Novice: 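Dropping the structure in here first, questions after.
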Amino acid sequence: MSDFKRYTVTSALPYANGPVHIGHLAGVYIPADIYVRYLRGKGKDVVFIGGSDEHGVPITIKARNEGITPQDVVDKYHGIIKKSFGEFGISFDVYSRTTSETHHKTASEFFKKLHAEGKFIEKTSEQYYDEEAKQFLADRYIMGTCPHCNNEEAYGDQCEKCGTSLSPLDLINPKSTLSGSKPVKKETKHWYLPLDKDEEFLKQWILEDHKEWKPNVYGQCKSWLDSGLHPRAVSRDLSWGVPVPVEGADGKVLYVWFDAPIGYISNTIEWAAAKGKDWKPYWQDKESKLVHFIGKDNIVFHCIIFPSMLKAHGDYILPDNVPGNEFLNLENDKISTSKNWAVWLHEYLVDFPEKQDVLRYVLAANMPESKDNDFTWKDFQARNNNELVAIFGNFVNRSAVLTQKYYDGKVPALGELSNYDKETITELESIKGKIEKSLETFRFREALKEAMALARLGNKYLADTEPWKVVKIDTVRVETIMNISLQITANLSIAFEPFLPFTTEKIRTILNIDKFNWEQLGATDLLPAGHVVAKPFLLFDKIEDAEIEAQMNKLLESKKLNEAKNSVATPAKAEMTFDDFTKLDIRTGTILEAEKVPKTKKLLKLLVDTGIDKRTVVSGIAESYKAEDIIGKKVSILLNLAPRKIKGIESQGMILMAENHNGELGFISNEKDFNSGSVIS
RNA sequence: GCCGAGGUAGCUCAGCUGGUUAGAGCGCAGGAUUCAUAAUCCUGAGGUCGGCGGUUCAAGCCCGCCUCUCGGUACCA
């Protein structure tokens, strides 16, 4: 690893349609920041790139809903996000945005080069066009009736009621949400990146040459590669984004996934220009190590699509590693922006001012490295009180207070070493290598634990040497003990620099010293005899139960609000006539047989006695009912529905079900237990 | 269903190419100690390594089947 001349470290670009929360921090920015701070401490040439992803349809929708421009939306959130990262000490060399001039230029040129060299395929397809608004409609801008559940407010990409993913062309009675008019089908041309052509290359590069990637990342890539890659559109009909820079592409922009990763390059260019440096070696020299820190939702883009783009361009190096983390849950539930189930960074600092490092510590110690992890406030409190306060803060305080007490703050001289001193120093020296090994293999939790071992070592050293006793009989011996204790404290300021930068700054204040570099970690001559240290203060404070309860209550409030929101009944459907209703032939029926349809999760194949006949019905209820439990059940069945084949079985009717907001299903049955075939009206 | 990742002490996790009594931190119990934010230090209890079968002199690690959790994908007339 030390062979690389320079390092280019990127962290996923957060989408600028909301603030950032602890999940973002734990999954991407804390690990990236730890890694980068470590490299800088070693004196490496490293650039740490961040920025906001500001294009794409969701931002335009948010803007429309709030009656402001997309630019207003991204300005607002870019500001909030950038500020949060700054406050938490995420030490980007540059934090820019994809709406910047530099980025538009860089992304355009990237596209132009690939286009000129024939790296894209062009395809024409039919898409919906709004003649009033004079533009093609993104999937999300089209609403209509879901062909599956008849929800009249399904979007062009998905019906939120039944969860089915849709194509706009599937919708019945499509409507443009821009003008309300009925959209028309119109031909449009788009450019595609032929990922399939890189399949063999990617297989070799990832599956053979990068077996060291994390199992979750490697496995996900393998899954994609094994199932075969397909050409992917790189442009969209939309007005918000980087315009497609070729003739006749009016009203078309680069698709966000194509534009966003180029943002890493653009932001590097911006940084280099400001520093008067050349950006190219960071992206084009084989002796540079490129590392992408991401969450698991971004694996395919960073491991397959972006590398394929870089390769097509030809000038670029490919990532050396893509440490992708899993997700962080909050109190046993998925973090959700829309449900406000999150700990927002800007709110955290209002409730816990100056406690950035506590959160950095807890998130680093509990990082979702190998599987989804859970953040709980109780754990947060325990780690603060039992680890940061009791082990780390306490040791620094002990050695500082004793130094004041015995020597008026002057570092005593190191005298003759006992065997135990030597053992302790050996232990101290060994920690550097352990932390390095962990960091270089992206095991951040483990690295943090190794750093904590240093504070534990300090506490143990004091407990075993007992300077407060020895001082009464052998003052010379105590000088050596305190010197070693202070050297350990100084070492803590180095070891924790990547993890807890605010705390190490405080230690330096207490010790009255400047910053050391990483290579000095393990040294026992960091503080010369006679050096005067400052008056000590506490590094960490206990967090009381009441503060934790307040946070729990805050979350419970969100939960209650959500439940209230969910229990509101969906709006009434459009009026219809009685004649329409009488067309429905609904009967009571009895389930005679039931079995799971093979190779499906939700489907049961039922044989139903309708009073008229016995017919087969396929029903998506397997998640609510077990086949063997519903035999003999009385149900309501819609008989005169056109038959339809599902998974090769002809379904001749539909069982009526009630569904609550959790998606649980229940049969509609007659309370008087009528015979099968009774008419329901 | 298919693909991927997981299921190891009460909790959060290590366990690298299979090798002696399965580890760490927190929590818990007992003891020591008082310089320190009742903090610290020592000792200890606690695990049929998701289940069943197999390969092997030897398996938490390899193979097969099953099961549960998370993610992707298919599926709900």
Side-chain angles (χ1 to χ4, degrees), chain A residues 146-150 162-165 214-227 296-297 299-300 326-327 329 334 365-376 378-379 382-383 385-391 393-406 437-438 441 443 445-446 448-450 452-453 455-456 458-471 478 481-482 485 536 538-542 596-604 617-624 638 641-647 651-657 659 663 665:
Chain A
C146 172
H148 298 275
C149 69
N150 294 322
C162 66
T164 315
S165 39
K214 292 174 54 167
N216 56 342
V217 175
Y218 185 91
Q220 195 68 34
C221 291
K222 189 169 176 348
S223 173
W224 277 82
L225 289 170
D226 287 350
S227 58
K296 69 173 160 187
D297 50 337
I299 290 174
V300 63
E326 301 286 304
F327 286 158
N329 292 332
K334 261 179 252 184
N366 207 14
M367 206 176 269
E369 281 177 343
S370 50
K371 62 178 179 191
D372 290 357
N373 259 356
D374 200 28
F375 175 94
T376 64
K378 206 172 147 254
D379 180 64
R383 288 203 186 266
N385 293 355
N386 303 335
E387 297 178 29
L388 289 178
V389 173
I391 313 264
N394 184 38
F395 169 68
V396 173
N397 190 235
R398 299 169 86 177
S399 43
V401 166
L402 286 173
T403 304
Q404 289 299 335
K405 195 177 272 184
Y406 299 155
K437 195 177 166 214
S438 299
T441 48
R443 294 157 173 253
R445 284 186 309 214
E446 189 178 82
L448 181 61
K449 208 177 268 185
E450 294 298 347
M452 272 306 273
R456 292 179 202 280
N459 276 320
K460 183 169 161 51
Y461 181 73
L462 282 181
D464 290 343
T465 54
E466 300 180 304
W468 50 90
K469 267 189 192 167
V470 179
V471 75
V478 173
I481 294 172
M482 288 317 300
S485 296
L538 298 177
L539 294 179
F540 304 100
D541 298 305
K542 283 205 151 193
K596 188 102 183 267
V597 179
K599 302 189 180 189
T600 66
K601 202 194 283 182
K602 294 186 181 175
L603 301 184
L604 291 184
V617 174
V618 177
S619 189
I621 57 174
E623 284 182 331
S624 297
L638 176 60
L641 189 66
R644 176 162 167 167
K645 272 202 172 180
I646 301 165
K647 283 272 155 188
S651 180
Q652 305 158 315
M654 173 171 160
I655 308 290
L656 303 187
M657 308 295 294
E659 181 179 3
L665 299 172

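As the structure is a computational prediction, the values presented were derived from the model and not from experiment. Proteins come first, then strands; the chains are lettered A, B, ... in the order of their sequence lines, and each starts at number 1.
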Novice: Does A/D372 have any side-chain hydrogen bond (donor to acceptor under 3.5 Å, both in side chains) partners at least two apart in sequence or in another chain, and if so, which?
Specialist: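 In terms of side-chain hydrogen bond (donor to acceptor under 3.5 Å, both in side chains), with neighbours along the sequence ignored, A/D372 is linked to A/K296.
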Novice: Can you tell me how far P in B/G15 sits from the matching atom in B/G23, rounded to whole Å?
Specialist: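 Nearest-Å result for B/G15 against B/G23 at atom P: 15 Å.
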Novice: Who are the side-chain contact (heavy atoms from CB on, under 4.5 Å) partners of A/L538, not counting sequence neighbours?
Specialist: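 Result, side-chain contact (heavy atoms from CB on, under 4.5 Å) vs A/L538: A/N397, A/D541.
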Novice: Hey, is the side chain of A/S651 poking within less than 4.0 Å of OP1 or OP2 on B/C76, counting only N and O atoms?
Specialist: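 Answer is no, no contact under 4.0 Å.
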Novice: Can you figure out which of B/U8, B/U40, B/C3 approaches the side chain of A/K371 most closely?
Specialist: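 Nearest to the side chain of A/K371 among the choices is B/U8.
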Novice: Taking side-chain hydrogen bond (donor to acceptor under 3.5 Å, both in side chains) as the test, write out the residues that go with A/E466, two or more places apart.
Specialist: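 A/K469.
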Novice: Nearest 0.5 Å please: distance from the CG atom of A/L462 over to the NZ atom of A/K460.
Specialist: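 Rounded to the nearest 0.5 Å, the CG-NZ separation comes out at 11.5 Å.
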Novice: Side-chain donor-acceptor pair under 3.5 Å between A/R398 and A/N459, yes or no?
Specialist: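 Yes, because at least one side-chain N or O of A/R398 sits under 3.5 Å from a partner of the opposite role on A/N459.
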Novice: Could you list the protein-to-nucleotides 60-68 of chain B atom pairs, N/O on both sides, closer than 3.5 Å?
Specialist:
none

Novice: State which of B/C41, B/C3, B/U37 makes the closest approach to the side chain of A/L538.
Specialist: B/U37
Novice: Could you work out which one of B/C70, B/A14, B/U37 sits closest to the side chain of A/K334?
Specialist: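 Taking heavy atoms from C-beta onward, the closest nucleotide is B/C70.
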Novice: Taking OP1 and OP2 of B/C42, is either one under 4.0 Å from a side-chain nitrogen or oxygen of A/K460?
Specialist: yes
Novice: Quick check on B/C16: is either OP1 or OP2 less than 4.0 Å from any side-chain nitrogen or oxygen of A/K437?
Specialist: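 No, because none of the side-chain N or O atoms of A/K437 sits under 4.0 Å from OP1 or OP2 of B/C16.
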Novice: Give me the distances for all protein-to-nucleotides 30-35 of chain B N/O pairs that come in under 3.5 Å?
Specialist:
unit_1 : atom_1 : unit_2 : atom_2 : d
B/C35  : O3'    : A/K405 : NZ     : 3.2
B/C35  : O2     : A/R398 : NE     : 3.2
B/C35  : N3     : A/R398 : NE     : 3.1
B/C35  : N3     : A/R398 : NH2    : 2.5
B/C35  : N4     : A/R398 : NH2    : 2.8

Novice: Polar atoms only, N or O, under 3.5 Å: list the protein pairs with nucleotides 9-11 of chain B and their distances.
Specialist:
none

Novice: Give the minimum heavy-atom separation between A/I299 and A/C221, together with the two atoms involved.
Specialist: CG2-SG, 4.1 Å
Novice: Does A/Y218 reach a base, just sugar-phosphate, or nothing at all? Heavy atoms under 4.0 Å.
Specialist: nothing
Novice: Closest nucleotide of RNA chain B for A/A455 versus for A/K296: which of these residues is on the 5' side?
Specialist: A/A455
Novice: Side chain of A/N216 only, please: which of B/A36, B/A39, B/A5 is the nearest?
Specialist: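 Comparing B/A36, B/A39, B/A5 against the side chain of A/N216, the answer is B/A5.
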Novice: Report the distance from atom CD of A/E450 to atom P of B/A14, rounded to the nearest whole Å.
Specialist: 14 Å
Novice: From C-beta outward on A/L603, which listed nucleotide comes closest to its side chain: B/G4, B/U37, B/C75?
Specialist: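 Within the option list, the nearest is B/C75.
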Novice: Work out how far the P atom of B/A74 is from that of B/U12, and round it to whole angstrom.
Specialist: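 Each nucleotide's P atom is 33 Å from the other's.
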Novice: Can you list the residues that meet the side-chain contact (heavy atoms from CB on, under 4.5 Å) rule with A/T376, with sequence neighbours excluded?
Specialist: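 In terms of side-chain contact (heavy atoms from CB on, under 4.5 Å), with neighbours along the sequence ignored, A/T376 is linked to A/E331, A/D374, A/K378, A/D379.
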Novice: Going by side-chain hydrogen bond (donor to acceptor under 3.5 Å, both in side chains), name the residues that satisfy it together with A/N385, two or more places apart in sequence or in a different chain.
Specialist: none
Novice: Just N and O in the side chain of A/R443: are any of them under 4.0 Å from OP1 or OP2 of B/A14?
Specialist: no
Novice: Please list, chain by chain and in numerical order, all residues satisfying ring-ring contact (aromatic ring centres under 6.0 Å, His included) with A/F540, sequence neighbours excluded.
Specialist: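 Residues passing ring-ring contact (aromatic ring centres under 6.0 Å, His included) with A/F540: A/F392.
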Novice: Check A/Q404 against A/P536 and note the closest heavy-atom contact, atom names and distance.
Specialist: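 Reported closest heavy-atom pair: CG-CD, 3.6 Å.
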Novice: Give me the distance, rounded to whole Å, that separates B/C61 from B/U56 when you measure between the C1' atoms they each carry.
Specialist: 13 Å
Novice: Whole angstroms only, please: what is the CG-P distance between A/D374 and B/U12?
Specialist: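 The answer, rounded to whole Å, is 8 Å.
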Novice: Report, as a single string ordered 5' to 3', how protein heavy atoms within less than 4.0 Å touch nucleotides 22-28 of chain B: B base, S sugar-phosphate only, - not at all.
Specialist: --BSSS-
Novice: Taking only residues two or more places apart in sequence, or in another chain, which ones meet A/S438 in a side-chain hydrogen bond (donor to acceptor under 3.5 Å, both in side chains)?
Specialist: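 If we apply the side-chain hydrogen bond (donor to acceptor under 3.5 Å, both in side chains) test to A/S438, skipping adjacent residues, the hits are A/E446.
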Novice: So that I can compare with my own list, what are the stems of RNA chain B, taken as at least three consecutive Watson-Crick or G-U pairs with distances under 3.5 Å?
Specialist: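 Ordered by first number, the stems with RNA chain B (at least 3 consecutive pairs each) read B:1-7 with B:67-73, B:10-13 with B:23-26, B:28-32 with B:40-44, B:50-54 with B:62-66.
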Novice: Within this structure, what is the CG-CD distance for the pair A/N216 and A/E369, rounded to the nearest 0.5 Å?
Specialist: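 Between A/N216 CG and A/E369 CD, I get 10.0 Å after rounding to 0.5 Å.
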